[in-house]
Amino acid sequence: MAPPKQKPGLSKQDYSTPCEFIDAVLYKLQIPYFECDLAASEDNTAAQMFYSEKDNSLDPKNSWVFGGHKWCWLNPPFSNIQPWVEKASKEANKGASIAMLVPASVGSNWWCTWVEPYAYQSYLNGRLCFIPNWKELGFKLPPLYPKDCALLLYTPWGFRGHEIWRWMS
């Protein structure tokens with residue numbers, strides 16, 4: 001039986017990161033807030049300051065370095081992750097600290113080229129639900145994202161390695 005046809009880029013790409021996951025990441029990093037959300041809108045930002053689609057944080061003129069040990073949050077569009085992990089790697093070399101949520105696509109070229117050699121990888125044990133009002137929509141249980149995800153940490157101090165993170169405990 002053939003696998004279902006994929007429709008890259010045709011699905012909704014701007015879901016908010018679940019608040020309970022953002023809180024777990026802040027706790028993990030021992031920080032009170034993110035300095036900037038690198039791919040957001042007013043409706044789904046995880047920080048007061050954010051780059052919107054119009055601002056285009058991938059533009060080389062837009063720096064992700066905010067000085068000191070200030071962390072940026074990034075939940076990029078999952079339809080094309082390669083430019084986001086590439087820029088995260090390059091910006092970390094300039095001094096940025098980036099926490100990034102991505103599908104755990106360990107066999108993809110973008111992972112092998114821009115994640116494995118440059119980021120600390122926390123594989124999530126516990127699936128995410130990207131629909132904030134799932135109860136209002138009539139779901140008895142939250143609809144979980146069907147793929148494994150990972151939290152990537154890009155840092156200027158070369159933090160490397162991996163773990164399985166039970167983020168809900």
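Quick caveat: nothing in here was measured; it's all calculated off a predicted structure. Values below: every heavy atom of this structure, side chains too, minus hydrogens, waters and symmetry copies.
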Determine all donor-acceptor pairs shorter than 3.5 Å in which one atom belongs to a side chain in residues 25-32; sequence neighbours excluded.
unit_1, atom_1, unit_2, atom_2, d
K28, NZ, E163, OE2, 2.5
Q30, NE2, Y27, O, 2.8

Within the side chain of [X], is there an N or O that forms a donor-acceptor pair under 3.5 Å with the backbone of [Y]?
{"X": "S105", "Y": "S108", "answer": "no"}
{"X": "D23", "Y": "E20", "answer": "no"}
{"X": "D55", "Y": "S57", "answer": "no"}
{"X": "D148", "Y": "A104", "answer": "no"}
{"X": "K70", "Y": "C36", "answer": "no"}
{"X": "E116", "Y": "W114", "answer": "no"}
{"X": "R160", "Y": "Y118", "answer": "yes"}

Could you tell me if the side chain of [Y] sits less than 4.5 Å from the side chain of [X], heavy atoms only?
{"X": "S63", "Y": "E91", "answer": "yes"}
{"X": "L151", "Y": "M100", "answer": "no"}
{"X": "Y154", "Y": "S97", "answer": "no"}
{"X": "Q121", "Y": "W165", "answer": "no"}
{"X": "L101", "Y": "L128", "answer": "yes"}

For [X] against [Y], the heavy-atom pair lying closest together:
{"X": "P156", "Y": "A96", "value": "CD-O, 3.1 Å"}
{"X": "P76", "Y": "A39", "value": "CA-CB, 4.5 Å"}
{"X": "C129", "Y": "P18", "value": "O-CG, 2.9 Å"}

Can you label the angle between the Y51 ring and the F66 ring as parallel, tilted or perpendicular, going by 30° and 60°?
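Tilted.
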Hey, could you give me the [atom1]/[atom2] distance between [X] and [Y], rounded to the nearest 0.5 Å?
{"X": "W167", "Y": "S122", "atom1": "CH2", "atom2": "OG", "value": "13.0 Å"}
{"X": "Y123", "Y": "L152", "atom1": "OH", "atom2": "CG", "value": "8.5 Å"}
{"X": "K90", "Y": "E86", "atom1": "NZ", "atom2": "CD", "value": "4.0 Å"}
{"X": "T17", "Y": "F34", "atom1": "OG1", "atom2": "CZ", "value": "9.0 Å"}
{"X": "T113", "Y": "Q82", "atom1": "OG1", "atom2": "CD", "value": "8.0 Å"}
{"X": "C72", "Y": "L38", "atom1": "SG", "atom2": "CG", "value": "4.5 Å"}

Going by the rule salt bridge (charged side-chain N to carboxylate O under 4.0 Å, His left out), which residues pair with E53 if we only count those two or more places apart in sequence or in a different chain?
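With sequence neighbours excluded, E53 shows a salt bridge (charged side-chain N to carboxylate O under 4.0 Å, His left out) to no residue whatsoever.
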Determine, stepwise, if the pair V102 / W110 fulfils side chain to side chain contact (heavy atoms under 4.5 Å, CB included).
CA-CA 11 Å; V102 297; W110 62 263; 4.2 Å; yes
Check T45, D43, N44 against S41 for a side-chain hydrogen bond (donor to acceptor under 3.5 Å, both in side chains) and give me the one that passes.
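Only one option passes, and that is N44.
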Please determine whether the number of non-hydrogen atoms from other residues, nucleotides or ligands lying under 6.0 Å from atom CG of L144 exceeds 12.
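Above 12, so yes.
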Please determine whether the number of non-hydrogen atoms from other residues, nucleotides or ligands lying under 6.0 Å from atom CG of N109 exceeds 12.
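At most 12 heavy atoms, drawn from other residues, nucleotides or ligands, come within 6.0 Å of this atom.
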Applying side chain to side chain contact (heavy atoms under 4.5 Å, CB included) to K87 and W64, what does each step give before you reach the verdict?
CA-CA 9 Å; K87 181 154 182 177; W64 295 1; 3.6 Å; yes
If Ile, Leu, Val, Met, Phe, Trp and Tyr residues are connected whenever their side-chain heavy atoms lie under 4.5 Å apart, and connections chain through other members, are [X] and [Y] in the same group?
{"X": "V65", "Y": "Y33", "value": "no"}
{"X": "F50", "Y": "L74", "value": "no"}
{"X": "I81", "Y": "W111", "value": "yes"}

